[in-house]
Amino acid sequence: MPGRTKAFVKSYGCQMNVYDAERMTDLLAGRGYGEAGSEDDADLVVLNTCHIREKATEKVYSELGRLARLKAERGAEGRDFRIVVAGCVAQAEGVEVLRRQRAVDLVIGPQSYHRLGELLTRAEAGERVAETDFAVAEKFQALRGAPIPRGVAAFVTAQEGCDKFCSFCVVPYTRGGEVSRPVAEIVAEAAALAAAGVREITIIGQNVNAYRGVAETGAPSSLPRLLERLSCIEGVTRLRYTTSHPIDMDQELIDAHASLPMLAPFVHLPVQSGSNRILKAMNRRHDADFYSDIVERLRAARPDIALSSDFIVGFPGETEADFEATLALVRETRFASSFSFKYSPRPGTPGAERDDQIAEAAKTERLAILQALLEEQRQAFNAATVGRTVEVLFEKPGRHEGQIAGKSPYMQAVHVTGGSELIGSLLPVTILAAGSNSLAGRIGGPMREAAL
Ligand code: SAH
Ligand code: SF4
Ligand code: F3S
């Protein structure tokens, strides 16, 4: 029966995991694995996991239970089925994953997955390995080959890890310290993607604006200088970067929004809370005014810029007054879109040790209030786009015949009447109507300045 063996890589969590999942798929392709559409037609499943909140971790074990049953069914048919656990849960729990779920063949952390092929060979020989080395520089070296592009927009990693140690967060433990990739490697990867048809590059990193990779001269570079280099690559028409920390948002980067037209006027800048007391307890190292000042300078540099953010409600010790301060910051800033979460105590982080945890009911109530406000702002932002002309990068056919779909600079989904030959083009589109999750427009119309 089946010809080619197939792998299914399922990813949870952040963009970094999406990027890693694609690289693992590329590595598996090099070993002869085709891409499976789901677990059901796969011979190998990689769960690329996320450890950020308790729910994310729990999901992994329930998913593994399901895969273990699938493996037993395959075994009964005399067929192989391998289960690999990668990502941040693999890093945080290591051999514990092998202990908790007997069906798992291999555990591989986010800083050692470049060794996936070699470790799979050992797994195929019957060994159960948990590899959680922090070998970031070695990984960057090993991944230097051109990635396989998967569309018009692609992620390119510039930086990994985090030295910030926010008191709620597991990332410094699961990804290790901040490491930047050399400029030449990033430029080579972006150029290879552009040559293969990629038009939009998003430079990613856990703290992307802390980027300090070495330039060809041997001197440390910066994110704005890297973006400028990337803007010269033939074929690249739009650049983005994510995720930024407020304390690394320097004037040089803010100025890049004025001097680099292809840099999308959209910044994801997590603030977490609007209360100075909570920001301090979170070890964020900035206060609410510092954040507002950055927003003001970004808007001065590029009047049509929009912002998105991440928020945590119910951090230990958060009072009603602290929560009100978060709402006040949101009202003052006005966000185009945001992510917001209930605080989830994570093992090994200082926040989890505190004895002033907030009751679940209060967290639920605060989250609902905050999300209602953020949703109102998102809808208002979308409505304000109607009548404007924005640049849309077309990525795929639309849901209806004769339509194509793409993204505005603000990550809004936009569809217009048009043929698939326009996929890959960045065109001015006049927005005609705003639905709850997408905008309708028509190609053309004068580009006009509109301050938001
Ligand atoms: N490096 C990025 C994002 C890290 S994780 C940054 O510094 O912003 C993405 C988001 O998950 C965070 O911004 C935060 O809002 C949320 N998060 C992290 N730890 C959390 C926790 N313990 N409970 C709830 N949300 C959390
Ligand atoms: Fe986590 Fe803070 Fe680092 Fe972001 S900056 S990854 S929230 S520790
Ligand atoms: Fe999750 Fe790890 Fe990203 S914990 S958010 S996958 S860095």
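Atoms within each ligand, like the ligands themselves, are counted from 1 in listed order.
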message: For a 4.5 angstrom cut-off between non-hydrogen side-chain atoms, does Phe339 reach His268?
response: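 Heavy-atom side-chain distance check passes, below 4.5 Å.
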task: Indicate, as side chain, backbone, both or neither, the part of Pro270 found under 4.0 angstrom from ligand 1 when only non-hydrogen atoms are considered.
output: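 Side chain only.
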query: Of the backbone atoms (N, CA, C, O) and the side-chain heavy atoms from C-beta on, which set of Ile52 has a member under 4.0 Å from an atom of ligand 1: side chain, backbone, both, or neither?
result: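 Looking at Ile52 and ligand 1, atoms from backbone and side chain both fall under 4.0 Å.
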task: Might you confirm whether atom CD of Glu296 has over 12 heavy atoms from other residues, nucleotides or ligands at distances under 6.0 Å?
output: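 Count not over threshold, so no.
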Is [X] salt-bridged to [Y], cutoff N-O under 4.0 Å?
X	Y	value
Arg366	Glu320	yes
Arg23	Asp26	yes
Glu376	Arg334	no
Glu200	Lys407	no
Arg115	Glu131	yes

Can you pull out the closest protein heavy atom to [atom]? Residue, atom name and distance to 0.1 Å, please.
atom	value
atom 6 (C) of ligand 1	Thr243 CG2, 3.9 Å
atom 24 (C) of ligand 1	Lys342 O, 3.3 Å
atom 17 (N) of ligand 1	Arg53 NH1, 3.4 Å
atom 3 (Fe) of ligand 2	Cys162 SG, 2.2 Å
atom 6 (S) of ligand 3	Asn17 ND2, 3.3 Å
atom 1 (N) of ligand 1	Gln206 O, 2.7 Å
atom 19 (N) of ligand 1	Phe168 CD1, 3.3 Å
atom 10 (C) of ligand 1	Asp310 OD2, 3.4 Å
atom 14 (C) of ligand 1	Gln272 OE1, 3.4 Å
atom 8 (S) of ligand 2	Cys166 N, 3.3 Å
atom 23 (N) of ligand 1	Ser344 N, 3.0 Å

query: Hey, is Arg284 one of the residues with a heavy atom under 4.0 angstrom from ligand 2?
result: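 Under 4.0 Å: yes for Arg284.
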- request: Output the list of atoms in ligand 2 that are nearer than 4.0 Å to some heavy atom of His245, sorted by atom number.
  value: 5 (S)
- request: Give the numbers and elements of all ligand 2 atoms closer than 4.0 Å to a heavy atom of Cys169.
  value: 1 (Fe), 6 (S), 7 (S), 8 (S)
Atoms of ligand 3, numbered as shown, that sit under 4.0 Å from any heavy atom of [X]:
X	answer
Cys50	1 (Fe), 4 (S), 5 (S), 6 (S)
Cys14	3 (Fe), 5 (S), 6 (S), 7 (S)
Cys88	2 (Fe), 4 (S), 6 (S), 7 (S)

How does [X] reach ligand 2, if at all, at less than 4.0 Å between non-hydrogen atoms: by side chain, backbone, both, or neither?
X	answer
Pro172	side chain
Asn207	side chain
Phe165	backbone

message: Less than 6.0 angstrom separating the ring centers of His257 and Tyr241, yes or no?
response: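 Yes; Tyr241 has its ring centre under 6.0 Å from that of His257.
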- request: Check if Gln15 has a non-hydrogen atom at a distance under 4.0 Å from any atom of ligand 3.
  value: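 No heavy atom of Gln15 comes that close to ligand 3.
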Atom of [X], atom of [Y] and distance for their closest heavy-atom approach:
X	Y	answer
Arg346	Thr57	NH2-OG1, 3.0 Å
Ser244	Pro270	O-CD, 3.2 Å
Arg175	Cys88	NE-SG, 3.5 Å
Val89	His51	CG2-ND1, 3.9 Å

Have [X] and [Y] got a donor and an acceptor in their side chains that come within less than 3.5 Å?
X	Y	answer
Gln412	Thr385	yes
Tyr61	Glu93	yes
Arg31	Thr121	yes

query: Nearest non-hydrogen atom to atom 7 (O) of ligand 1 belongs to which of Arg284, Lys164, Lys363, Arg346?
result: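 Minimum heavy-atom distance to atom 7 (O) of ligand 1 goes to Arg284.
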message: Tell me whether ligand 1 is touched by Asn207 - counting only heavy atoms on the residue side and a distance under 4.0 Å.
response: no
query: With a 4.0 Å heavy-atom cut-off (strictly under), which part of Met16 contacts ligand 3: side chain, backbone, both or neither?
result: neither
- prompt: Does some non-hydrogen atom of the protein lie less than 4.0 angstrom from atom 26 (C) of ligand 1?
  reply: yes
